[in-house]
Amino acid sequence: MGALAGGGTLIATSSADIQSQIQANKSAAASLQDQINSESASISKTAGGVAAAKQKLSMVQAQLEDHITELTKVQTQVMEARDQLLALERRLQAASTDLASNLRAEYENGSPNLVDVILNAHGFSNLLDQVSYIKDAQNQDAQVVNFTKTARAKVLKEATSLGKLELKDRALTNQILSQRNQVAAIEIGLAKQQIAEEGQRSHAQAKLADVNSKTQALQQKLQQEQEQQEKAVEAQEAAAKAAAAQSPEQVNQQVGGIAIDTSGMVQPPPGAPQAVDEMIAAGNAIATLPYIWGGGHGSFVSPGYDCSGSVSYVLAAAGMLSSPETSGALESYGDPGPGQWVTIYANAGHVWMTIAGWRFDTVALAEDGTRWSRGGGEFGGFVVRHPPGL
């Protein structure tokens with residue numbers, strides 16, 4: 001049981017590494033979630049700014065439309081005033097023409113005086129008519145002159161007032177247009193900021209999803225390793241109970257100097273070094289696990305092992321190897337030649353080993369369902385090495 005604990009140490013160490021990775025991923029996930037929350041708050045704030053800018057823009061646009069309507073009315077009034085001014089000017093021109101004609105006629109024919117009128121009158125009634133005509137003509141001329149002066153002054157004043165009002169309205173319109181453009185620019189800037197913030201949040205969310213996915217995979221792997229560890233412990237306990245129920249002769253028979261266990265578990269021979277005990281215990285732990293190409297290389301803990309993964313697992317259990325190696329790499333492992341207790345046979349395509357006289361080989365697994373066997377194994381074409389001191 002003490003020797004079998006060497007294989008369990010590898011599983012426990014791997015489990016601790018996975019748990020450490022899970023904790024690191026959870027910490028990274030929490031940090032990413034904080035970042036996402038911060039980005040969401042910024043997006044909400046920016047969205048509020050966009051809404052406020054749109055509301056202000058709507059108000060400015062409404063004011064602008066009202067002012068444009070008012071300006072249109074003013075412009076209509078200006079047009080009407082100009083038409084009225086034109087009519088007055090035409091009437092003024094006609095009156096001026098008539099007045100000029102009267103003055104020219106008076107100059108050419110002479111202005112009638114009251115004595116001439118009296119002497120030339122044909123009766124009193126005709127006299128009254130002639131005097132009244134003279135007065136009416138004089139009054140009409142005076143009215144024409146006064147009318148044209150008054151009308152011209154009035155129209156000029158009205159046109160000047162309306163012109164000032166039109167200029168004022170145009171200035172206000174330009175001001176509102178400028179303000180609307182400013183609000184629109186602010187809205188565009190806020191929208192761009194919102195897009196950028198949403199992009200950052202999406203990136204953080206993608207990273208968070210990736211971290212969560214990796215964490216889930218690690219948790220599944222940890223669960224598998226824990227299940228394997230529980231199975232290994234159960235197998236160790238079953239083997240110990242079986243050994244305790246057998247007699248010493250059954251447990252440790254000597255066949256040709258090789259120690260065997262009649263229950264199917266290989267036992268180290270008396271006087272074997274502790275490293276050999278640990279290797280045999282590790283070999284027992286994976287002896288019947290299936291062959292999986294590449295198994296035991298990504299991690300010492302695996303549901304199955306290939307040839308180099310099996311040999312690497314056994315060597316690592318005794319502290320003879322720190323990480324899995326391929327069969328080609330094992331050609332240069334340790335010292336050259338066969339060892340007293342352990343010998344490794346390696347080439348670029350396959351590797352196997354003997355431990356205390358027992359063959360440990362995936363070829364034997366294919367033949368008999370266990371990596372342990374006696375004899376067999378090919379020696380030609382292999383580089384022979386052994387762990388230092390063994």
Inspect the surroundings of CD in Q274 and state if more than 12 heavy atoms from other residues, nucleotides or ligands are less than 6.0 Å away. no
Would you check if the side chain of N37 reaches a backbone N or O of Q33 as a donor-acceptor pair within less than 3.5 Å? yes
Under a 3.5 Å distance rule, please check whether D361 uses its side chain to pair with a backbone N or O of W372 as donor and acceptor. no
Let me know which of E198, Q205, E197 forms a side-chain contact (heavy atoms from CB on, under 4.5 Å) with E39. E197
Rounded to the nearest 0.5 Å, the CZ atom of R385 sits from the CD atom of E331 at a distance of 9.5 Å
Mind running side chain to side chain contact (heavy atoms under 4.5 Å, CB included) on H297 and S308 for me, showing each step along the way? CA-CA 8 Å; H297 288 275; S308 56; 2.8 Å; yes
Any chance you could measure T215, atom OG1, to L222, atom CG, to the nearest 0.5 Å? 12.0 Å
Donor-acceptor check, side chain of S213 to backbone of A209, threshold 3.5 angstrom: yes or no? no
Checking the side chain of R371 only, and the main-chain atoms of L289 only, is there a donor and an acceptor separated by less than 3.5 Å? yes
For N25 and L218, run side chain to side chain contact (heavy atoms under 4.5 Å, CB included): C-alpha distance rounded to whole Å, both residues' side-chain angles, the deciding distance at 0.1 Å, then the answer. CA-CA 10 Å; N25 283 350; L218 288 171; 3.3 Å; yes
CA sep, side-chain torsions, deciding dist, call: I286, F360, side chain to side chain contact (heavy atoms under 4.5 Å, CB included): CA-CA 11 Å; I286 66 170; F360 188 75; 4.1 Å; yes
Indicate the ring-plane relationship of W352 and Y345, choosing parallel, tilted or perpendicular according to the 30° and 60° boundaries. parallel
Going from OG1 on T354 to CZ on R374, what distance comes out if it is rounded to the nearest 0.5 angstrom? 13.5 Å
Is there a side-chain contact between V384 and P336 in this structure, where contact means two heavy atoms from C-beta onward sitting under 4.5 Å apart? no
Rounded distance (nearest 0.5 Å) linking atom CE of M353 with atom NE2 of H386: 12.0 Å
Please check if W358 and Y305 belong to a single hydrophobic cluster, counting links between Ile, Leu, Val, Met, Phe, Trp and Tyr side chain heavy atoms closer than 4.5 Å. yes
Is any side-chain heavy atom of R201 closer than 4.5 Å to a side-chain heavy atom of S40? yes
Between P269 and W341, is any pair of side-chain heavy atoms under 4.5 Å apart? yes
Side-chain heavy-atom pair V311, L330 within 4.5 angstrom cut-off: yes
Hey, is the main chain of T72 close enough, under 3.5 Å, to the side chain of T76 for a donor-acceptor pair? yes
Is there a donor-acceptor contact under 3.5 Å from the side chain of S327 to the main chain of N347? yes
Check: A329 main-chain N/O paired with T326 side-chain donor or acceptor under 3.5 Å: yes
Determine yes or no for a side-chain-to-main-chain donor-acceptor pair under 3.5 angstrom, with S178 supplying the side chain and N174 the backbone. no
Measure the spacing between CD1 of I344 and CG of L315 and express it to the nearest 0.5 Å. 4.5 Å
I'd like to know if the side chain of T370 reaches the main chain of T288, judged simply by a donor and an acceptor atom lying under 3.5 Å from each other, with no hydrogens or angles considered. no
Counting only heavy atoms not in Q175, do more than 12 sit closer than 6.0 Å to its CD atom? no
Beyond-backbone contact of L32 with V211, side-chain heavy atoms, under 4.5 angstrom: yes
Say whether, by atom type as modelled, one donor and one acceptor occur between the side chain of S31 and the main chain of S27 under 3.5 angstrom. no
State, yes or no, whether a side-chain contact exists between M279 and L390 at a heavy-atom distance under 4.5 Å. yes
